[in-house]
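Just so you know, these numbers use all the heavy atoms, side chains as well, and skip hydrogens, waters and symmetry mates. Chain identifiers are assigned alphabetically (A, B, ...) following the order of the sequence lines, protein sequences preceding nucleic acid strands; residue numbering begins at 1 within each chain.
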Amino acid sequence: MVSRVLSRLLVLVLLLGVLFCARVAWASALALQTLAAEALVPSAAPALLGPIGATGRIGWNCAPEHAAGAPTARGGELPGTEPKP
Amino acid sequence: MRAALLACVLAATVPAVARAQTYPSASPLPRSTAVPVLRALAIRREITTRFALALRDQAAGHWSDAAAELQAVLALAPPEPQGSTAHYDLALAYAHLDRNAAAARELQRAIALDPGFLAAMANLVAIDLARGDLRAARAAADRFVAAAPDSARALYSRGIVALRLGDAATARADFGKLLQQSPRYALAHYDLALAEEHLGAYASAASELSIALALAPSYARARLALGVIYLREGHRAQARAAFLRAAHDAAGDPALRNLADAMLAAI
């Protein structure tokens with residue numbers, strides 16, 4: 001009788017232990033997933049292009065308009081590129 | 001003989017003397033005394049002067065003063081291209097005053113006046129992103145790419161917006177095209193990797209991140225992302241090495257360093 005109670009108690013403890021470990025593993029996986037999402041963020045948006053004078057964007061020397069249409073990353077003054085001299 | 005010599009010397013120096021007598025360029029004199037004509041000339045001169053003052057204020061960081069000058073320009077109903085330009089410059093002033101909603105409205109007015117105004121489109125995408133209005137940013141970015149399909153800034157901007165919206169297919173196409181024109185641009189390789197990862201193409205993502213790191217070995221964010229990809233593929237040892245290196249390279253960025261440390265602790 002006592003041994004039957006003890007064995008049932010042991011099974012219960014083992015079950016609780018398994019449940020606890022599963023919960024910890026699930027929480028760790030969730031934490032890792034959250035961290036991974038934080039790690040995979042897109043790059044920053046480009047900085048604003050500068051002001052334009054009274055002659056407007058059509059002028060040959062309109063640097064912001066040239067940068068807006070430039071085909072290369074450097075010409076477009078994108079983040080992480082060195083400014084043109 | 002002496003007189004002849006003197007005459008020769010004087011003749012040789014006259015052009016130099018004449019060249020030395022330069023006068024500053026003067027404003028053209030009005031060719032009419034009619035009041036409407038003179039008024040139009042005065043308004044044109046006021047517009048030009050206020051533009052110059054606004055640009056001077058912007059260069060000095062006096063954004064409120066610049067905004068006031070540009071608002072005065074717009075009150076004079078300037079013709080094109082000055083109208084759209086004034087709206088564009090006013091948007092810049094508002095942006096620096098943290099009035100992004102007003103800045104977006106001014107840029108939309110600039111584009112309405114000049115539908116080919118690429119700089120205005122570029123800034124509108126950036127402003128809408130800063131406001132957190134991804135839907136508006138996407139609309140502006142689509143318009144920008146349609147107006148300038150080969151523009152690096154257009155492709156990059158729309159790619160970033162697409163990534164934030166979860167549209168990995170568009171992001172992949174845009175960054176892919178950008179890299180055809182700028183193959184050594186490390187950030188584009190990084191963002192293309194994010195798109196590939198989102199589409200489940202982990203091998204392609206790892207390849208792009210490796211290229212980014214070959215171009216910029218201390219690119220901590222790319223190293224961190226590579227660690228995540230390794231983890232997704234089940235390569236824990238490689239992931240751990242990547243996170244360790246990322247934590248080292250992110251010495252100047254506490255937030256990124258903390259993230260790398262947290263990833264190390266979690267695996």
Side-chain angles (χ1 to χ4, degrees), chain A residues 16-85, chain B residues 47-48 51-52 54-55 58-59 80-82 84-85 88-89 92 95 114 117-123 125-127 129-130 144 148 150-154 156-157 159-160 163-164 171 178 181-182 185-188 190-191 194 197-198 216 221 224-225 227-228 231-232 259-260 262-263 266-267:
Chain A
L16 285 172
V18 164
L19 275 169
F20 177 74
C21 289
R23 192 164 187 275
V24 167
W26 180 78
S28 298
L30 199 63
L32 200 58
Q33 206 173 347
T34 307
L35 287 171
E38 282 180 36
L40 300 177
V41 290
S43 299
L48 295 176
L49 292 168
I52 298 175
T55 50
R57 70 174 186 90
I58 305 297
W60 64 275
N61 198 23
C62 182
E65 191 68 5
H66 289 322
T72 62
R74 189 162 180 247
E77 298 175 15
L78 295 184
T81 58
E82 287 174 14
K84 281 181 158 181
Chain B
I47 289 171
T48 306
F51 254 112
L55 291 182
Q58 286 186 335
E80 280 299 288
Q82 291 169 331
S84 57
T85 304
Y88 170 89
D89 288 335
L92 264 178
D114 185 353
F117 200 162
L118 298 182
M121 292 181 208
N123 280 2
V125 179
I127 293 284
L129 275 171
F144 190 9
D150 294 329
S151 158
R153 192 171 266 253
Y156 179 89
S157 299
I160 295 295
L163 277 176
R164 291 199 195 177
L178 173 57
Q181 296 153 196
S182 299
Y185 186 37
L187 266 72
Y190 166 81
D191 290 304
L194 295 193
E197 187 276 338
H198 196 86
R221 190 163 281 282
L224 188 66
V228 172
L231 212 55
R232 294 244 158 102
L259 191 53
M263 292 297 296
I267 58 171

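For A70(A), the part lying under 4.5 angstrom from a heavy atom of chain B is the backbone only. Using a 4.5 Å cut-off between heavy atoms, F117(B) contacts chain A through both its backbone and its side chain. For A266(B), the parts sitting under 4.5 Å from any heavy atom of chain A are the backbone and the side chain alike. Contacts of Q58(B) with chain A are made by side-chain atoms alone, with heavy-atom separations under 4.5 Å and no backbone atom involved. Residue S151(B) touches chain A through both its backbone and its side chain, counting heavy-atom pairs closer than 4.5 Å.
In this structure, the side chains of V41(A) and R221(B) come closer than 4.5 Å at one or more pairs of heavy atoms. T81(A) is not listed as a side-chain neighbour of T72(A), based on a closest heavy-atom distance of 4.5 Å or more.
Comparing S43(A), A73(A), A47(A) by heavy-atom pairs within less than 4.5 Å of chain B, the highest count is held by S43(A). Among L231(B), D191(B), D150(B), the residue making the largest number of heavy-atom pairs under 4.5 Å with chain A is D191(B). With chain B as the partner, the residue from G69(A), A39(A), A68(A), A45(A) showing the most heavy-atom pairs under 4.5 Å is A68(A). By number of non-hydrogen pairs under 4.5 angstrom with chain B, the leading residue of P42(A), A31(A), G76(A) is P42(A). Chain A forms more heavy-atom pairs under 4.5 Å with one residue of I47(B), T48(B), L92(B), L163(B) than with any other, namely L92(B). Ranked by heavy-atom pairs shorter than 4.5 Å toward chain A, the options I267(B), L187(B), L129(B), L224(B) are led by L187(B).
The heavy-atom pair separating L35(A) from L259(B) by the smallest distance is CD2-CD1, 3.7 Å. For L49(A) against P64(A), the heavy-atom pair with the smallest separation is CD1-O, 3.5 Å. The two residues A95(B) and I127(B) have their closest heavy-atom pair at CB-CD1, 3.6 Å. A148(B) and A154(B) get closest at one heavy-atom pair: O-CB, 3.9 Å.
Atom CD of Q33(A) sits in a sparse spot, with 12 or fewer heavy atoms from other residues, nucleotides or ligands closer than 6.0 Å.
Residues passing the side-chain hydrogen bond (donor to acceptor under 3.5 Å, both in side chains) test with E197(B), sequence neighbours excluded: R232(B).
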